[in-house]
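Single-structure report; data block below.
Quick note: numbers below take in every heavy atom, side chains included, and nothing from hydrogens, waters or symmetry partners. In what follows, every chain begins at residue 1, and chains take the letters A, B, ... in the order their sequences are listed. What you see is a predicted model, and the numbers here were worked out from it, not measured in a lab.
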Amino acid sequence: MEKELENLALKNFEIEKAEKDHFGFWVYLMTDLLSFAAVFAAFAVLRNNTFGGPSGRELFSLPFVLIETFILLTSSFTCGLAMLAAQDGDKKKVITWFSTTFILGASFLVMEFTEFHKLIVEGNGPQRSGFLTSFFALVGLHGLHIFIGLLWMFIAMVMTQKRGLTIKSKSNLTRLSLFWHFLDIVWIFIFTIVYLMGVM
Amino acid sequence: MSLLFGRLTLADLPHEWFTVGGTATILLGLLGIAALLTYYKRWKWLWQEWFTSTDPKKIGIMYILFAAVMLFRGALDAAMIWAQQAMSVGSNHGYLTPAHFQQIFTAHGDIMVFFVTMGFLSGLLNLLIPLQIGARDLAYPFLNTLAFWLYVAGAIFINLFFVFGGNFAATGWLSLPPLSGLAYSPGVGVDYWIWSLQISGVGSLIAGINFIVTILKMRAPGMTLMKMPLFVWTSLCSMIMVVSIFPILAATLGMLWLDRYFGLHFFTSDFGGNPMMYINLIWMWGHPEVYVLILPSFGIYSEVVATFSQKKLFGYKSLVGGALGITALSFLVWAHHFFTMGAGANVNAFFGIMTGFIALPTGVQIFNWISTMYKGRIIYSQPMHWFFGFLATFTFGGMAGLLMSSPAADYALHNTLFLVAHFHTMIIGGALFGIFAGIVYWFPKFTGFKLDERWGRRAFWFWLVGFFLSFAPLYMLGFLGATRRLDHYDASMGWQGLFIVSAVGITVIGVGALCQVIQIIVSVKNRKQNLDLTGDPWNGRTLEWATSSPPPVYNFAVIPTVQTRDAFWEQKQSKTITKPVYEDIVLPRNTAMGMYVSAFVFLAGFGLVWHITWLIFFGLIGTVVCIVMRALDQNTEYIIPAVEVERMEQVWKKN
């Protein structure tokens, strides 16, 4: 009898905790959005300060970035599918869809790395001008977030496999998917402001 | 060697009088504490009861003790600045080199803002928010210990240059570029500055999220937003500002670091960088930050005035509206810190008018407190002393601020001692006096005995007189044209007399601080006479007084149901006693993980200051591993069974 009561107190605690965690994570996302905003502002100020170096028009390849964008958008879609599977309690599907998301996210990161590498090798690294400084910082900050997201996704998948879809792990996956969609939205802004407006 | 130690060499170890002195003080202090702990066999106690605790009441006390130590450190800097300015006239160049003097005023500003005021406030919020809203804990107990230990790591960083490097930033408390860039500050001083602020800033950000979720999600049943105590309201506003501005600070410091570490060009004056951008960004953080510091103190005054006037707070709604108004306006005034930058008349006019507007919600608060006292039976206790001191000082300083909000006047006063006097009036007379009032007011709640009244009054009068003695001359000096951060001036300026009066003032403040130390010693000695057995020594109004002093680990055996504002007052009036029904209580276990994470972050930061690549990666990987381990830990809570809760409650009621 006593044991059951304990479980009840703990269970209520866990349900309440999941709710608090979601709200808190939204607050965190908004703070992260503000740090992105600060770097965006820096980019907006510095984007024309090429200091005799190349501008976005000469450096960016839109088709390449478009592929990157589609990969990331698709990964958001598969992430959504994984969450639908989590609602149904289908562990196998969750793992499958998150694996797909992981692969897409990793490909995005590889492409971004390739782009950076190419720029640096050509002598257009972040030290070249104020414009390139802010470009590398903004896109790199997004890339860093993607990297952290992938790390999180990997651990979350292993734990889901091991522990199953409990209240705790579902709450964790929900926050992960929020994070992933959030990065997608930030990327849309980067795609528009940095790349499209940079080339137009 | 450079692979192992980066840029750190033997020459960076202490060899000047102040680094040797600083290092020796730090080492002797630590040795002394270690000796005491060993002698009294308290290591285990310290670790289990305090360092690894997730109880906000204990974390709050640790914050306050730590902030008090940092206050001593920051005050020492202040004394050194004053001494130099009082003597360095004409042919006498004082006892400090200009480079050393610059480092001292930089450290003084950062310590007082980040590690004293923020520390005290975090402490008070930890102690009181859960109790005032009828909750058992904060929303995220682990993040709370993490935030505390990050704050400690940041504080160690700001003192570490004594031991390694010998130089702190000589750039002023906000390290404006291009001066703080690699070209003009090549040493490690600015790097120490960056990582000290970055690490403690992330701690503040985490704490901000934690408090917002706690206040919005964990209030006792029935406590709607408009029934929250005023301190909870102002803290909520303050934390909303924290989560809005600390991300900007983090990004700005990050950009400055990229400039310095990798030679990028955000804020350099060549290669298309833009130093003005830094000044805008840092003040977008910096201006709301001063309201972050002051608003919780406004909440404390509101509680104190209502309790000691034995009346309901006058104009609750307008006080809440005022706090919200200040919060909103605080984001629209940052450019008044650099009217002289040349952004143009229209920009200056906008920011000048917005700055003037802030006086409105602030004035509303002042009038509400005065109206609360009207026809009240006022008890002139120590917290009320601090409140009256605040009322006079703050109004005075606010008027000075209003004067400077006009760009035309600001052109004459920009960067003079008038400005220095103004913001010290606001932060000492506003924020710090409020913190003192809060500490005296809530001291019995957390220790079980009141602070000595006599020594408290002495402390207050010395502080108040000392404050005006030291800062009134600075207002005058500002009008006479004395700029801030002045390590030397010509005798013909005729400033020395005022500088000496000012230096006398800080000694008087020092006597006040001494009185506070004596007060605590005397109070501990005579605690038997000042015991608080009821849990409600001041005839209080809000829920924290409904618990025993000190409160049990779970705060409330039964979560109270709230019907009105001043919930505890109403409860006392109605005198209905229902037999409590106890239930199992879930509480967080202790954890050392917050400490471990901070330790790894600290190591990574040290690597970043000294360009020690392996240490950076070691620190970062350690941080990630610790966080993942914590996230996967399934055993983070424990349960106090209802029977045990009942037993603990009986023990209190028997006394």
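Among A/Lys168, A/Arg163, A/Glu16, the residue with the largest count of heavy-atom pairs under 4.5 Å with chain B is A/Arg163. The candidate from B/Met218, B/Gln634, B/Glu637 with the greatest count of non-hydrogen atom pairs under 4.5 Å with chain A is B/Gln634.
Between B/Phe266 and A/Ser134, the shortest heavy-atom contact is CE2-CA, 3.8 Å. The two residues A/Ala42 and B/Met255 have their closest heavy-atom pair at CB-SD, 3.7 Å. The shortest heavy-atom contact between A/Leu46 and B/Gly272 is CD2-O, 3.5 Å. Nearest heavy-atom pair, A/Gly24 versus B/Val213, reported as atom, atom and distance to 0.1 Å: CA-CG2, 3.4 Å. The shortest heavy-atom contact between B/Ala251 and A/Ser35 is CB-O, 3.8 Å.
The contact between B/Val243 and chain A is made by backbone and side chain atoms together, counting heavy-atom distances below 4.5 Å. Using a 4.5 Å cut-off between heavy atoms, B/Thr252 makes no contact with chain A at all. Contact annotation for B/Leu264: both backbone and side-chain heavy atoms come within less than 4.5 Å of a heavy atom of chain A. Residue contact with chain B, scored on non-hydrogen atoms closer than 4.5 Å, involves the side chain of A/Phe13 exclusively. Only the side chain of A/Leu151 has a heavy atom closer than 4.5 Å to any heavy atom of chain B. In this structure, chain A has a heavy atom under 4.5 Å from the side chain of B/Tyr140, while its backbone stays farther away. Both the backbone and the side chain of A/Asp21 have a heavy atom closer than 4.5 Å to some heavy atom of chain B. Both the backbone and the side chain of A/Leu34 come within less than 4.5 Å of a heavy atom of chain B. Looking at B/Leu205, only its side chain comes within 4.5 Å of chain A, counting heavy atoms on both sides. Neither the backbone nor the side chain of B/Ala250 comes within contact range of chain A, judged by heavy atoms closer than 4.5 Å. Residue contact with chain A, scored on non-hydrogen atoms closer than 4.5 Å, involves the backbone and the side chain of B/Leu632 alike.
Heavy atoms from other residues, nucleotides or ligands lying under 6.0 Å from CE of A/Met159 number more than 12. Atom NZ of A/Lys20 is surrounded by more than 12 heavy atoms from other residues, nucleotides or ligands within 6.0 Å. Remark: B/Tyr638 OH is packed, more than 12 non-hydrogen atoms of other residues, nucleotides or ligands lying under 6.0 Å away.
Note that the CG atom of B/Asp270 and the CZ atom of A/Phe51 stand 5.5 Å from one another [nearest 0.5 Å]. Rounded to the nearest 0.5 Å, atoms CE (A/Met30) and CD1 (B/Ile212) are 12.0 Å apart. One distance of note links CZ of A/Phe131 with NE2 of B/His265; it measures 14.0 Å at 0.5 Å rounding. From A/Phe136, atom CZ reaches atom CZ of B/Phe262 across 12.5 Å, with rounding to the nearest 0.5 Å. Taking CG of A/Asn12 as the reference point, atom CG of B/Asp584 lies at 11.0 Å (rounded to 0.5 Å).
Applying the salt bridge (Lys or Arg N to Asp or Glu O under 4.0 Å) criterion to A/Lys118, with sequence neighbours excluded, gives A/Glu122.
Cation-pi geometry between B/Lys217 and A/Phe23 is met: the NZ or CZ atom falls under 6.0 Å from the ring centre, inside 45° of the normal.
Between A/Thr31 and B/Phe246, the closest side-chain pair of non-hydrogen atoms is not below 4.5 Å.
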